[in-house]
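Notes follow once the structure below has been shown.
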Amino acid sequence: MWQPNKLEKERLEKANRLEAGGLLLYPGRCQRSHTVAEAVEAFHSDKAPGSTYVSVVGRIRRLNTKGKVSFAHIEDESGRVQLFLRLNTLGEESYELVRRKLIDVDDFVHASGTMMRTRAGEISVDTAQLTLLSKTLSPLPVVKEQRRADGSVSEYGEFKDTETRYRQRYADLAVNKSVREVFVKRARTIKALRDFLDNEGMLEVETPILQPLYGGAAARPFVTHHNQLHQDLYLRISFELYLKRLLVGGYDAVYEIGRDFRNEGVSYKHNTEFTMLEFYKAYIDYEGVMDITERMFAYTAEQVNGSSAIRYQGAELNLTPPWKRLSIREAVQEYLDFDYMDFPSSETLYAYLQSRGLADGLDRDDTWGRMIVEHLLGNHIEERLIQPTIIKDYPRDVSPFAKRIRGDAAGDEKERRYLESHTERFEFFIHGMEMGNAFTELNDPRDQQARFVEMKRLYDEDSDETTPLDEDYLRAMRFGMPPNGGFGSGVDRMVMLLTDQDSIRDVLLYPHLREPAPSENDLRGQFMLDAAVRQLEYQLDLPLAEKKRRIALYLPKVEVGIEFRMANALEGSLAQLQNLRVAFAGQLYVMTDENFYHVQDELTEMRIADFWRSIT
RNA sequence: GGGCGCGUGGCGCAAUGGCAGCGCAGUUGACUUUUAAUCAAUUGGUUGCAGGUUCGAGUCCUGCCGCGCUCACCA
């Protein structure tokens, strides 16, 4: 339950006074003739001064009450404009609302009047009519701006506590314009990607989010259950297998932009759910995908920021094609100065890396491919790939859906082994961050089946790397899948690049956060209700209506003061309960999964640890 | 999950273990061209939660909760 603080009580009081005076606090409609930006524009193209009459709406962001004349800035999505509020123009009654500050900063208002310029030079609405559109009961955080002579804006006071900003994104957006701009650019990014892919002749499709079998990537899935069908379902970790089935169905090229879910840690570049873009195009290989990738990134950057050269975290990045392309083998040669093909097994490679002092944090039981990709590339090379770089030709055991590399070893044993153990796959990196992944897709059903089996042999059942064998996917492939190139990329990371944000959370409107501890008031209410409901549910066999009646009677009698998340803790471990202190009067029953305890008939206060001891 | 850091009025921040303070916002008053308006007065706090050490804890110790950074994990 909401417990208004001092500021909120003041606003509630104002709201009551306004309402008592017959004012509508939340009228259903208003007449808007211009957006704020249009109103300013109209003033500029105004031939005769004072001839432009506008009705604008917005939220009050600044209010300067000064005797018989006042100034307010209102803001709508298009920008801000000043309201010039004068007793003579506005009239006694309306002006009184302003002068008495019954209309506050943060309220939504409607203002009508002619456009004018104040003596200080600011274009303003000479307000003749001011109407409240929505009364704000909780004030937003205070942020003041100063516009300097050179046009730059500096802020005084900020709303920057990250936790509150993420949990109360609406307040963050309402106060921080730069945050709003990020999400405008995000929308433009996704639109640009769609436009680009549509123009490439690809068909946008939608595939299941709930899948009976997950696959297409190496990640732990979320599991859920369909009650009626008695079926476990996975939230997808990628779209890959469903999209490629569509190429079997006869589409030349398909793409999907949507949400993936991975049950893994969060970081500045990982969120449990994130937006993925995947496309598959028949009759091209990974070289073709590279070309599309480069053009797509350059195009999107141009659409969003007006240039394919961008500035990210102080670095100048040029997304203009062509990008640097090199094989992972060449990358290791270039950055770490050795040829890993000289160490063709995980044992020999590990021994060599140890001798070079490069084995820190490396698991000696890892597969050969993982040592190269996860360790050498991931830990030693990735962070140095600042300008867009395509790294291609990956070891096979980490690439179960990519086609073997082509080429002629010409009798050279080392080269023969290289060709045999590598696939036509590439990842690309910008500013040290992996941006996407692509292959010449495997379309030989026999090879694909062998890969599934091989993965099962190489990785434990519960390893992230393991990919469940998908019989239906193999069946689809047996019907004939055209040769094709596929692509997958994290859209959030792309938005990070284009908006110069260093955390994925800043490009997600609602990033995933832990459940916060509920306030004591919430707990009090929740606990009282739980206690009452439980008492009735388990002690009395009554019709629902009677239960409700008794709950209503019972509630006021229960006086509970607790200082923790009681509801959750009761289902938690004993250790979690140690610090709880519970005080209650009246009859109270506490439920756990197995037991049902009658606690006390009279006032009791004890630590939960003691309570637990007394009943076990 | 490990390490480091942070948590103090609505927001931003102070406080060698010794009276919890400042700015903004708010409230009251003055002001008919302000724009971080100004001037005068003024309200507002169980310092994330629970224990402990101490004559005395925002500060030190322990546990817990949350957030950030980082490592691990991770296309």
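Chain letters run A, B, ... following the sequence lines, proteins first and then strands; every chain starts at 1.
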* Structure fact -> When rounded to whole Å, the NE2 to C1' distance for the pair His270(A) and U70(B) reads 14 Å

* Applying salt bridge (charged side-chain N to carboxylate O under 4.0 Å, His left out), name anything that partners Arg165(A), two or more places apart in sequence or on another chain. => Asp172(A), Asp506(A)

* So does Arg165(A) get a side-chain nitrogen or oxygen closer than 4.0 Å to the phosphate oxygens (OP1/OP2) of G68(B)? -> no

* **Nearest-nucleotide pick for Met116(A), side chain only, options being U33(B), G66(B), U35(B)** => U33(B)

* **Span that lies between the C1' atom of G48(B) and that of C67(B), in whole angstrom** => 11 Å

* To do: Would you classify Thr162(A) as touching base, sugar-phosphate or nothing, given that sugar-phosphate means primed atoms plus P, OP1 and OP2, and contacts are heavy atoms under 4.0 Å?
  => sugar-phosphate

* Asked: Looking for any heavy atom pair under 4.0 Å, which part of the strands does Ser138(A) touch: base, sugar-phosphate only, or nothing?
  -> nothing

* State whether Glu454(A) and Arg396(A) are salt-bridged, where the test is any N-O pair (Lys NZ or Arg NE/NH1/NH2 against Asp/Glu carboxylate O) under 4.0 Å. => yes

* Asked: Between Lys101(A) and U27(B), does any side-chain N or O lie under 4.0 Å from OP1 or OP2?
  -> yes

* Asked: For Val105(A) and Glu434(A), take the nucleotide of RNA chain B holding the closest heavy atom to each; which residue's nucleotide lies nearer the 5' end?
  -> Val105(A)

* Asked: Got a sec, which residues hit ring-ring contact (aromatic ring centres under 6.0 Å, His included) with Phe487(A), two or more places apart in sequence or on another chain?
  -> Phe279(A), Phe428(A)

* **Sidechain-backbone polar pair: Ser78(A) side chain, Ala37(A) backbone, donor-acceptor under 3.5 Å** => yes

* To do: Looking at every strand, decide which applies to Gln82(A) at a 4.0 Å heavy-atom threshold: base, sugar-phosphate, or nothing.
  => base

* Sugar-phosphate, base or nothing in reach of Phe401(A), heavy atoms under 4.0 Å -> nothing

* Asked: Separation of Gln146(A) atom CD from A36(B) atom C1', in whole Å?
  -> 6 Å

* Asked: For atom P, what is the distance between A14(B) and C60(B), given to the nearest Å?
  -> 15 Å

* Does the pair Glu96(A) and Arg99(A) meet the rule for a salt bridge (Lys or Arg N to Asp or Glu O under 4.0 Å), with working shown? -> CA-CA 5 Å; Glu96(A) 194 64 7; Arg99(A) 204 173 66 77; 3.5 Å; yes

* Any N/O donor-acceptor pair, Glu122(A) side-chain to U35(B) base, under 3.5 Å -> yes

* Kindly give the heavy-atom pair with the smallest separation between Lys135(A) and Ile103(A), and that separation in Å. => NZ-CA, 4.0 Å

* Within the pair Arg11(A) and A25(B), is there a side-chain N or O less than 4.0 Å away from OP1 or OP2? -> no

* Integer-rounded Å distance: U34(B) C1' and Asn64(A) CG -> 5 Å

* List for me each residue that meets ring-ring contact (aromatic ring centres under 6.0 Å, His included) alongside His73(A), sequence neighbours excluded, and say none if there are none. => none

* Could you check how far CG of Asp106(A) sits from P of A25(B), rounded to whole Å? => 13 Å

* Rounded distance (Å) that lies between atom P of C31(B) and atom CG of Leu85(A) -> 17 Å

* Could you tell me which residues satisfy salt bridge (charged side-chain N to carboxylate O under 4.0 Å, His left out) with Arg236(A), sequence neighbours excluded, listed by chain and number? => Glu256(A), Asp260(A)

* To do: Only counting residues at least two apart or in another chain, list the ones meeting salt bridge (charged side-chain N to carboxylate O under 4.0 Å, His left out) with Arg384(A).
  => none

* Asked: Which value, in whole Å, describes the distance between the C1' atoms of nucleotides G5(B) and A37(B)?
  -> 39 Å

* Quantified in whole Å, what is the P atom distance between nucleotide A20(B) and nucleotide U46(B)? -> 13 Å

* Structure fact -> Regarding the side chain of Ala120(A), the nearest nucleotide among U34(B), C73(B), G66(B) is U34(B)

* Taking atom P in both A30(B) and U8(B), what distance in whole Å separates the two? -> 37 Å

* **Which nucleotide in U34(B), U27(B), C67(B) has an atom nearest any side-chain atom of Arg167(A)** => C67(B)

* Specify the separation, in whole Å, of atom CD of Glu13(A) and atom P of U28(B). => 10 Å

* Ignoring hydrogens and angles, answer whether the base of U32(B) and the side-chain atoms of Arg119(A) contain a donor-acceptor pair closer than 3.5 Å. => no

* Among G29(B), G66(B), C73(B), the nucleotide that comes nearest once only the side chain of Arg514(A) is considered -> G66(B)

* Asked: Between U35(B) and A15(B), how far is it from one P atom to the other, in whole Å?
  -> 33 Å

* From the list U32(B), A37(B), G68(B), which nucleotide is the closest neighbour of the side chain of Arg505(A)? -> G68(B)

* Asked: Would you say U35(B) has OP1 or OP2 under 4.0 Å from some side-chain N or O of Arg61(A)?
  -> no

* Asked: Tell me: NZ of Lys269(A) to C1' of C73(B), nearest whole Å?
  -> 12 Å

* Please say whether more than 12 non-hydrogen atoms of neighbouring residues, nucleotides or ligands are located less than 6.0 Å from CG in Asp360(A). => no

* To do: Kindly write out the residues that satisfy ring-ring contact (aromatic ring centres under 6.0 Å, His included) with Phe429(A), not counting sequence neighbours, or none if the list is empty.
  => none

* To do: Please work out if Lys14(A) contacts a base, only the sugar-phosphate, or nothing of the nucleic acid, heavy-atom cut-off 4.0 Å.
  => sugar-phosphate

* To do: Dot-bracket notation for RNA chain B is requested: 5' to 3', Watson-Crick or G-U wobble pairs only, both distances under 3.5 Å, with ( ), [ ], | and . as defined.
  => (((((((..((((....[..)))).(((((.......))))).....(((((..]....))))))))))))....

* Asked: Can you tell me how far P in C6(B) sits from the matching atom in U62(B), rounded to whole Å?
  -> 14 Å

* Asked: Does a side-chain N or O from Arg86(A) land closer than 4.0 Å to OP1 or OP2 of U33(B), or not?
  -> no

* Report the residues that fulfil ring-ring contact (aromatic ring centres under 6.0 Å, His included) with Tyr312(A), sequence neighbours left out, ordered by chain and then residue number. => His431(A)

Pairs: protein N or O with nucleotides 6-11 of chain B N or O, under 3.5 Å:
residue : atom : partner   : partner atom : Å
C11(B)  : O2'  : Glu158(A) : O            : 2.4

* Heavy atoms under 4.0 Å, any strand shown: does Lys144(A) hit a base, just sugar-phosphate, or nothing? -> sugar-phosphate

* **Protein-nucleotide distance (Leu90(A), atom CG; U33(B), atom P), rounded to Å** => 16 Å

